[in-house]
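Taking it in order: structure first as structure tokens, then the write-up.
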Amino acid sequence: MPFLQFKNVDFSYPSGEDDYIQALYSVDLTIERGEFVALVGCNGSGKSTFARLSNGLLLPDRGDVCVDGCSTADKSALYEIRKKIGVVFQNPDNQMVTTIVEDDVAFGPENLGLAPAEIRERVDWALDCVGMREYATSGPQRLSGGQKQRVAIAGVLAIRPELMILDEATGMLDPDGRREVMEVVARLNEKENMTVVMITHFMEEAAVADRIVILDKGKVAADGGKELFLTPDVFTSAGLDLPMPVRVSGALKNRGIDIGCPLTVEELVAAYCKRLSGGGGEA
């Protein structure tokens, strides 16, 4: 059974009297346990709507959203659904509710009514997961953007969700902050077997995921593994750029230097150096 399943889902927002803006059209999508999925698309493609439908913050106009076999339309199941799916939003400042880092991370477990000893264990574990244990007694206002977002992730982790959705969680961060968050997310997926849906418009982030889903004007335009980057038209037709390493390798190929399709800067450098050491093609 898929952990998260969208079944023929439509959703629209009211826009004035008797008028609506359609955000999703007949979306069929499943997320399995342990997957690392990048959900990409331009502004207005329906990405954030997908996140809010996933844990019942919104309900579909048509179709059904199921989490671990339970429909989000079932009000009696919403409490368990929201324990299973944690969402990290774009602005970490909007997610901070206290003046001390460890108190902020403890906020979720406290609202679950857990015993103090278990809350302490969860807070320490979550801060360790994101590399922020040394800042436990610091004030969030003294942290960098990347550090704040790591604390926001820790706050979600402390609830022990089975699936974490990051809704443009790196959108307001500088490159160093984005790298910090992506390293944490990749480690959680690999080491903790956390199911992850990374909603992003940064293609370099999408390249880290095992599966890429492209939303275009509220519809699933493409769904596949990293081999999707070998067919750039599916990205450009949705108004998306390709990752920089893919663009560079494509330009090199046009000059007769075929180094494959590296997806990260590290892979690009390694592939190019290997090609140079082989003595073939133009430099």
Side-chain angles (χ1 to χ4, degrees), residues 1-4 31-36 51-59 65-144 146-167 169 180-181 183-198:
M1 176 190 301
F3 183 71
L4 174 62
I31 308 292
E32 303 289 347
R33 292 182 187 274
E35 281 196 292
F36 186 171
R52 286 160 173 76
L53 285 164
S54 295
N55 69 348
L57 290 175
L58 298 175
L59 296 177
V65 177
C66 294
V67 177
D68 204 15
C70 297
S71 172
T72 58
D74 180 358
K75 292 183 179 179
S76 66
L78 278 179
Y79 180 75
E80 288 300 317
I81 285 173
R82 288 173 182 168
K83 284 170 59 178
K84 292 180 179 182
I85 295 186
V87 183
V88 181
F89 295 102
Q90 184 178 58
N91 190 341
D93 289 321
N94 291 343
Q95 299 168 81
M96 301 291 176
V97 295
T98 71
T99 57
I100 302 295
V101 164
E102 63 181 4
D103 291 346
D104 204 85
V105 177
F107 185 79
E110 286 173 347
N111 279 277
L112 294 178
L114 302 178
E118 183 172 357
I119 293 173
R120 179 76 264 170
E121 186 275 329
R122 288 194 182 199
V123 169
D124 291 344
W125 170 79
L127 288 172
D128 281 338
C129 282
V130 300
M132 291 294 289
R133 182 77 170 270
E134 65 182 289
Y135 297 95
T137 58
S138 297
Q141 71 278 2
R142 302 183 66 182
L143 303 178
S144 69
Q147 289 171 329
K148 288 179 181 179
Q149 198 60 287
R150 285 153 65 186
V151 171
I153 292 172
V156 171
L157 288 177
I159 303 172
R160 296 279 173 91
E162 296 177 52
L163 185 153
M164 182 165 57
I165 299 175
L166 296 103
D167 185 8
E180 288 176 8
V181 171
E183 287 173 353
V184 168
V185 171
R187 185 169 66 249
L188 288 169
N189 176 251
E190 182 178 351
K191 303 296 184 183
E192 303 289 339
N193 200 35
M194 174 79 67
T195 307
V196 174
V197 176
M198 168 70 77

(request) For side-chain contact (heavy atoms from CB on, under 4.5 Å), just list the numbers for Leu112 and Arg122, CA-CA rounded to whole Å, side-chain angles, deciding distance to a tenth of an Å, and then say yes or no. (result) CA-CA 12 Å; Leu112 294 178; Arg122 288 194 182 199; 4.1 Å; yes

(message) Give me the atom names and distance for the closest heavy-atom approach of Ser54 to Val67.
(response) O-CG2, 3.3 Å

(message) So, taking the atom named CG in Leu59 and the one named NZ in Lys75, what distance separates them when rounded to the nearest 0.5 Å?
(response) 8.5 Å

(message) With heavy-atom distances below 4.5 Å as the criterion, would you say the side chains of Val151 and Pro140 are in contact?
(response) no

(request) State, to 0.1 Å, how close Leu127 and Ala136 come at their nearest heavy-atom pair, and which atoms those are. (result) CD1-CB, 3.9 Å

(message) Let's go through Asp104 and Val97 carefully: what are the C-alpha distance in whole Å and the side-chain angles of both, what is the deciding distance for side-chain contact (heavy atoms from CB on, under 4.5 Å) to 0.1 Å, and is it a yes or a no?
(response) CA-CA 6 Å; Asp104 204 85; Val97 295; 3.5 Å; yes

(request) Answer yes or no: is there a donor N or O on one side and an acceptor on the other, between the side chain of Arg52 and the main chain of Leu58, under 3.5 Å? (result) no

(request) Measure from the side-chain N and O atoms of Glu35 to the backbone N and O of Val197, and report whether any donor-acceptor pair falls under 3.5 Å. (result) no

(request) Check whether more than 12 heavy atoms from other residues, nucleotides or ligands sit under 6.0 Å from atom CZ of Phe36, and answer yes or no. (result) yes

(request) Please report the closest heavy-atom contact between Cys129 and Leu157, naming both atoms and the distance. (result) CB-CD1, 3.9 Å

(message) Side chains of Ile81 and Thr72, heavy atoms from C-beta outward: is any pair under 4.5 Å?
(response) yes

(request) Locate the shortest heavy-atom distance separating Ala154 from Ala126; write the atom from each residue and the value. (result) O-CB, 3.4 Å

(message) For the CD1 atom of Ile85 and the CE atom of Met164, what is their distance to the nearest 0.5 Å?
(response) 12.5 Å

(message) What's the separation between atom CG in Asp124 and atom CD in Glu102, rounded to the nearest 0.5 Å?
(response) 7.5 Å

(message) Any non-hydrogen side-chain atom of Val88 less than 4.5 Å from a side-chain atom of Val181?
(response) no

(message) Looking at Glu121 and Arg160, is there a salt bridge between them, counting it only when a charged N and a carboxylate O are closer than 4.0 Å?
(response) yes

(message) For the backbone of Thr195 and the side chain of Asn189, can you confirm whether one donor and one acceptor N or O come within less than 3.5 Å of each other?
(response) no

(message) Ignoring hydrogens, what is the shortest heavy-atom contact between Leu163 and Ile31? Give both atom names and the distance.
(response) CD1-CG2, 4.1 Å

(message) If I take atom CD from residue Glu162 and atom CG from residue Asn193, how far apart are they, to the nearest 0.5 angstrom?
(response) 10.5 Å

(request) Specify the closest pair of heavy atoms between Gly86 and Pro161, including all atoms of both residues, with the distance to one decimal. (result) N-CB, 3.6 Å

(request) State which residues pass side chain to side chain donor-acceptor pair (under 3.5 Å) with Asp68; sequence neighbours excluded, sorted by chain then number. (result) Arg33, Lys84

(request) List the steps and the verdict of side-chain contact (heavy atoms from CB on, under 4.5 Å) for Ile165 and Asn55. (result) CA-CA 10 Å; Ile165 299 175; Asn55 69 348; over 6 Å; no

(message) If we ignore hydrogens and angles and just use 3.5 Å, is the side chain of Gln95 paired with the main-chain N or O of Phe89 as donor and acceptor?
(response) yes

(message) Does any part of the side chain of Tyr135, heavy atoms only, come nearer than 4.5 Å to the side chain of Val130, both counted from C-beta?
(response) no

(request) Apply side-chain contact (heavy atoms from CB on, under 4.5 Å) to the pair Met132 and Leu143, showing each step before the final yes or no. (result) CA-CA 10 Å; Met132 291 294 289; Leu143 303 178; 4.0 Å; yes

(message) Rounded at 0.5 Å granularity, tell me how far CD in Glu180 sits from OG in Ser144.
(response) 5.5 Å

(request) Starting at CG of Asp103, measure out to CD1 of Ile119 and round the result to the nearest 0.5 Å. (result) 11.0 Å

